Colleague: 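Structure below; questions to follow.
Since this is a predicted model, take the numbers as computed values, not measurements.
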Amino acid sequence: MQTKLGKGTYGYIKRNKIYAWKKAALLLVVPVFIFLAAWAVHKTRENVMTVVAIVGCLPGCNQVVRAIMASRYHSIDQGLYEEVEAARGERVALYENVFTSYEKTYYVDAIVLSGREIVGYSSVPETDTQKAAEHIRELLKQNAYKQNVKIFPAGEKRAYLERVKHLAKTEPEEVPFQGDDRYPGFTREEIVVHLLQAIAL
């Protein structure tokens, strides 16, 4: 039996797409079955169960929209994933991140955290990496966590991997942390990871 993949893990988007389409199909099959069964029993479509079936289609239609949105993105290339895994050492990595803002959506293949540093890479040429970094930085700042955020654009994979290797070899900056009542028992890094996952699709 396959286990559910959480946000930030390799293969999450692929699994999420499959799950979204399966859920959409299930949510649409039930009202269609109700409609057909009522039609067979009453010999007419003009019965109360037709209304129930139509209203019952709304969650399925909503799920179809979600499935279409999920299908716009792809899982990280396996080769890139393996390169980041080899480069990051003991540093925390998050994969297949889809960050949303009011204006745009930003796809970031991989993010590595080290102390106050967050470095990411987007293989999508259309991604405005400066705005993506600013968006992440601002959302973390709103939650009282100041981070240096750098997202490398498509075509700068080598530079990104070199930066990750550098972070893996050097001790992360000591950041004063007294704990956060909103996240009892969490370390600062765990909270930053949680916040990044919370703002991603």
Colleague: Test side chain to side chain contact (heavy atoms under 4.5 Å, CB included) on E83 and V164; report intermediate values, then the result.
Modeller: CA-CA 10 Å; E83 286 180 295; V164 170; over 6 Å; no
Colleague: Is it the case that the side chain of T170 and the backbone of H166 share a donor-acceptor pair, with hydrogens and angles ignored and the cut-off at 3.5 Å?
Modeller: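 Side chain of T170 to backbone of H166: a pair is present.
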Colleague: So, Y145 and D180: side-chain donor and acceptor under 3.5 Å apart, yes or no?
Modeller: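 On atom types as modelled, these side chains qualify, holding a pair under 3.5 Å.
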Colleague: Could you grab the distance from atom OG1 of T105 to atom CZ of F99, nearest 0.5 Å is fine?
Modeller: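 Result: 11.5 Å between the selected atoms.
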Colleague: Does K23 use its side chain to pair, donor to acceptor, with the backbone of Q63 at less than 3.5 Å?
Modeller: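 No, because the side chain of K23 does not come within donor-acceptor range (under 3.5 Å) of the backbone of Q63.
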Colleague: Would you confirm whether K157, through its side chain, and A154, through its main-chain N or O, come within 3.5 Å as a donor-acceptor pair?
Modeller: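 Answer holds: no.
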Colleague: Taking the side chain from N47 and the backbone from T50, do they hold a donor-acceptor pair closer than 3.5 Å?
Modeller: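 A pair under 3.5 Å: yes.
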Colleague: Looking at E189 and S114, would you say the former's side chain and the latter's main chain have a donor-acceptor pair under 3.5 Å?
Modeller: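 Not confirmed, E189 side chain does not pair with S114 backbone.
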Colleague: What heavy-atom pair brings M49 and A38 nearest, and what distance separates the two atoms?
Modeller: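 The answer is CB-CB, 3.4 Å.
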Colleague: Please work out whether the ring planes of Y106 and H135 are parallel, tilted or perpendicular, with thresholds of 30° and 60°.
Modeller: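 Answer is tilted, since the angle falls between 30° and 60°.
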Colleague: Working note: Y10 + E96, criterion side chain to side chain contact (heavy atoms under 4.5 Å, CB included); need CA distance, chi angles, decisive distance, verdict.
Modeller: CA-CA 7 Å; Y10 173 60; E96 304 180 14; 3.7 Å; yes
Colleague: If I compare all heavy atoms of V108 with all of I111, which pair ends up nearest, and what's the gap?
Modeller: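 Taking every non-hydrogen atom into account, CG1-CG1, 3.7 Å.
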Colleague: Ignoring hydrogens and angles, tell me if any N or O in the side chain of Q147 forms a donor-acceptor pair with the backbone of G115 under 3.5 Å.
Modeller: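 Yes.
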Colleague: Apply the test side chain to side chain contact (heavy atoms under 4.5 Å, CB included) to residues N143 and R182: give CA-CA distance (whole Å), side-chain angles for both, the deciding distance (0.1 Å), then the verdict.
Modeller: CA-CA 10 Å; N143 283 277; R182 297 171 296 176; 3.4 Å; yes
Colleague: Regarding K131 and E103, does a basic nitrogen lie under 4.0 Å from an acidic carboxylate oxygen?
Modeller: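 Not counted as a salt bridge, because no side-chain N and carboxylate O are separated by less than 4.0 Å.
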Colleague: Between E134 and R137, does any side-chain N to carboxylate O distance fall below 4.0 Å?
Modeller: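 No.
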Colleague: I'd like to know if L196 and Y183 are part of one continuous hydrophobic network [Ile/Leu/Val/Met/Phe/Trp/Tyr, side-chain heavy atoms within less than 4.5 Å].
Modeller: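 Both belong to a single hydrophobic cluster.
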Colleague: Write down the atom of A168, the atom of A87, and the distance for their closest heavy-atom approach.
Modeller: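 What the structure gives for the nearest pair is CB-O, 3.3 Å.
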Colleague: Are I68 and W21 close enough, and set up right, to give a side chain to side chain contact (heavy atoms under 4.5 Å, CB included), and what steps lead you there?
Modeller: CA-CA 8 Å; I68 291 169; W21 282 111; 3.9 Å; yes
Colleague: Show the nearest heavy-atom pair for residues L94 and Q197, with the distance to one decimal.
Modeller: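 Distance-wise, the nearest heavy atoms are CD2-NE2, 3.9 Å.
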